Amino acid sequence: MRVSIERLTKRFGKVVAVQDLSLEIMDGEFVALLGPSGCGKTTVLLTVAGIYRPTHGWIRFDGKVVNDLPPRERNIGMVFQSYALYPHMTVYENIAFPLTLRRMPRAEIHRRVVAAAQLLQIEELLDRRPGQLSGGQQQRVALCRALAKEPDLLLLDEPLSNLDARLRLLARAEIKRLQKELGITTIFVTHDQVEAMTMADRIAVLNQGVLQQFDTPEALYTRPANLFVAEFIGSPPMNFLEGSLTVHGSALRLTGPEWHVTLPEGLKSWAEAVRDRDRLILGVRPEHVRLAPSEEGELRAEVYVIEPLGRDVLVNLRIGSLRLRALVPPPFPWKVGDIVGLHFDPAHLYLFDPHTGVLIGRS
Amino acid sequence: MRQVERELEVAKRGRGFSLPLLRIRPGVSKQGVAALLFLSPAALIVLLFFVAPVLLTFWISMTNMSVATLGRTEIIGFSNYLRILRSPYTSRILQNTLLYVSATLTFNVGMGLILALLTTHIEERVGVLFRALWLLPRVTPSVVYALLWTWATAPAPFGTLNQVLGPLGLPSRNWLTTQPWGVIILANGFVGASLGMIIFTSAIKAIPPDYIMAAQVDGATTWQIIRRIILPLIRWPIMFVTAYQTLSLLASFEYILLLTEGGPGFYRTEVWALYAYHQALSNYFGNVQFGFGAALAAVLVAIGVVASVIYLRVFRFQEMMSEPKIEGV
């Protein structure tokens with residue numbers, strides 16, 4: 001089913017939870033709503049579910065406006081962050097609940113419950129009560145309940161956040177696979193950019209109720225629309241260096257209090273276009289910072305903290321009051337307090353407008 | 001036994017002392033003393049105002065104490081109890097009590113539930129106001145409240161009820177004489193329902209909203225959500241209120257006393273607690289019979305204890321106390 005959110009605004013009293021949001025979600029697509037807590041992503045989900053009514057705007061399912069349709073008539077499967085398994089019912093009764101409400105024949109209910117339970121490998125849990133299940137099992141049961149009714153749209157509200165790290169990794173892959181197998185249009189709410197990046201076909205990044213960017217994970221990573229997206233997507237987050245533009249012969253430099261960076265060819269034209277701006281922000285991802293002996297680098301920084309991650313080493317660096325992160329391959333030859341040289345990969349630099357946060361250009 | 005032996009062994013070796021019954025051990029004893037200290041105020045109140053009166057009542061019930069025999073009271077064994085058994089009024093009063101308790105209980109719990117569900121499903125501010133209004137009878141002194149009912153049900157041309165019904169073409173009547181039970185049950189119920197209302201409201205509000213939303217998405221109507229999600233989740237508060245109200249209704253009689261005094265006519269609305277009160281403290285011409293009244297009260301205590309035990313068993317109160325009943329995940 002195709003889901004269109006058109007100019008959606010949702011207010012609670014004076015608080016604007018979602019403002020003028022438009023998203024077009026294709027049939028069978030897996031879309032993540034990503035943002036920090038309080039950004040309005042759950043509000044969007046509950047509005048699509050029909051639990052909240054839009055203050056302005058429209059929700060369309062396959063082109064048909066469903067603003068006034070109660071949740072029970074929308075044929076939606078939903079998994080809540082708390083899972084919301086009814087504690088007084090067994091797992092079987094929980095999964096069968098939406099089906100019994102449709103007055104489905106008993107045999108058909110049984111067939112569907114068993115089939116869904118097999119799909120999620122929870123057949124042996126059917127007689128238990130939610131209180132007797134582990135977090136991972138509850139999550140499967142919740143997903144099972146949502147899928148057994150064969151919904152047109154699957155809504156997932158932070159379904160992984162109550163799982164431990166190992167289980168989350170498993171569930172992540174499993175949900176993604178299941179979604180593709182069943183082909184159900186899915187909206188997934190999360191504050192975890194890794195979850196969104198790994199699972200979704202497209203990600204809508206929200207901040208304070210406003211859509212920042214709606215694009216594929218790759219595009220968000222390589223072409224962030226603004227500072228917020230650039231910082232939110234990618235772990236560890238992008239480094240930002242704010243300085244003023246100065247001309248040195250044919251070269252353009254961004255100069256800060258204790259540093260200056262010569263802009264590579266790829267950024268020069270962008271920077272020239274905005275020469276009237278007094279200040280600019282240079283963005284560089286930690287994986288695009290290269291370390292060198294102190295006399296070789298363009299910049300000189302002090303090693304502040306070293307965090308070995310196994311596959312990489314995350315190095316926190318200090319240039320005066322400026323802090324940078326670099327992700328470099330091991331072994332790491334320096335120790336805390338050493339002075340090292342820095343290069344930025346000239347092919348992966350970004351320029352942002354510090355006033356609006358908007359991306360000016362990238363190399 | 002093994003525990004006691006071990007303690008004796010410890011005691012012999014001089015590392016502490018131990019009384020087999022109290023099991024005071026070094027290290028634990030301080031805690032034990034603290035526990036006793038904390039318990040003592042409540043224990044004292046229970047002993048003084050609950051246990052002692054029951055024992056006294058039972059003792060008085062074994063005597064022929066009355067206004068006539070004051071000063072030369074004799075112990076007459078179970079004679080008062082035999083008198084209850086043989087009395088021709090006992091079955092009548094028992095039936096009255098059964099009717100009063102069961103009808104008022106049904107009204108109290110049912111109305112409490114309806115009020116709680118209604119006021120939690122409308123706008124919050126209106127709900128709060130509505131609940132506050134329903135608490136008014138409870139904070140009104142019983143005598144004033146009963147007086148209001150007497151006025152409301154007074155015979156025509158007075159009486160609010162008759163004045164309202166008259167213009168509608170309905171016959172006016174003396175409600176307290178023609179429908180004494182109806183008036184008594186409603187008067188009691190209007191007070192009693194507020195307890196259930198308060199407890200059920202807080203229980204309903206304690207249900208995580210996710211359950212309700214999940215049920216909505218699952219396709220349930222409001223009525224189905226109430227029946228299949230809310231009511232099962234507040235099962236324990238409902239049972240608690242039912243048990244509590246049964247016991248308090250068994251012992252209550254003040255509104256009957258104030259409204260009909262057990263009448264009209266002969267013991268028409270006399271319930272067991274009122275009968276005991278009448279016999280022991282307020283009989284005709286001051287012929288009060290403390291001993292007989294005490295026996296009636298003792299029987300009421302026994303009925304109460306039996307009812308409690310049944311409730312404890314049927315509702316599995318132990319389970320209720322040991323685990324949270326509304327679980328968030």
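Lettering follows sequence order; numbering is per chain, from 1. Keep in mind the model is a prediction, meaning the values are calculated, not measured.
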Inset, instruction - Can you establish whether the number of heavy atoms outside A:Asp164 located under 6.0 Å from its atom CG is more than 12? - result: yes
Inset, instruction - Look at atom CZ of B:Phe38 and say whether more than 12 heavy atoms of other residues, nucleotides or ligands are closer to it than 6.0 Å. - result: no
Legend entry - Those residues of residues 212-228 of chain B, ordered by number, that approach chain A below 4.5 Å (heavy atom to heavy atom): B:Met213, B:Ala214, B:Ala215, B:Gln216, B:Val217, B:Asp218, B:Gly219, B:Ala220, B:Thr221, B:Gln224, B:Arg228
Inset, instruction - Taking heavy atoms only and a threshold strictly under 4.5 Å, list by residue number the residues of residues 55-74 of chain A that touch chain B; give 'none' if the list is empty. - result: A:Pro71, A:Arg72
Legend entry - Heavy-atom pair of closest approach, residues A:Tyr86 and B:Tyr211: CE2-O, 3.6 Å
Inset, instruction - Can you check whether anything in residues 139-159 of chain A gets within less than 4.5 Å of chain B, heavy-atom wise, and list it by number? - result: A:Arg145, A:Lys149
Legend entry - Working for side-chain contact (heavy atoms from CB on, under 4.5 Å), residues B:Ile229 and A:Met89: CA-CA 9 Å; B:Ile229 309 292; A:Met89 298 183 196; 4.0 Å; yes
Legend entry - Separation of B:Asp210 CG from A:Tyr83 OH (nearest 0.5 Å): 12.0 Å
Inset, instruction - May I ask you to check whether over 12 heavy atoms, not counting those of A:Glu29, lie within 6.0 Å of atom CD? - result: yes
Legend entry - Heavy-atom neighbours of B:Tyr244 OH exceed 12 at 6.0 Å: no
Legend entry - chain B neighbours within residues 101-124 of chain A, where any heavy atom lies under 4.5 Å away: A:Leu101
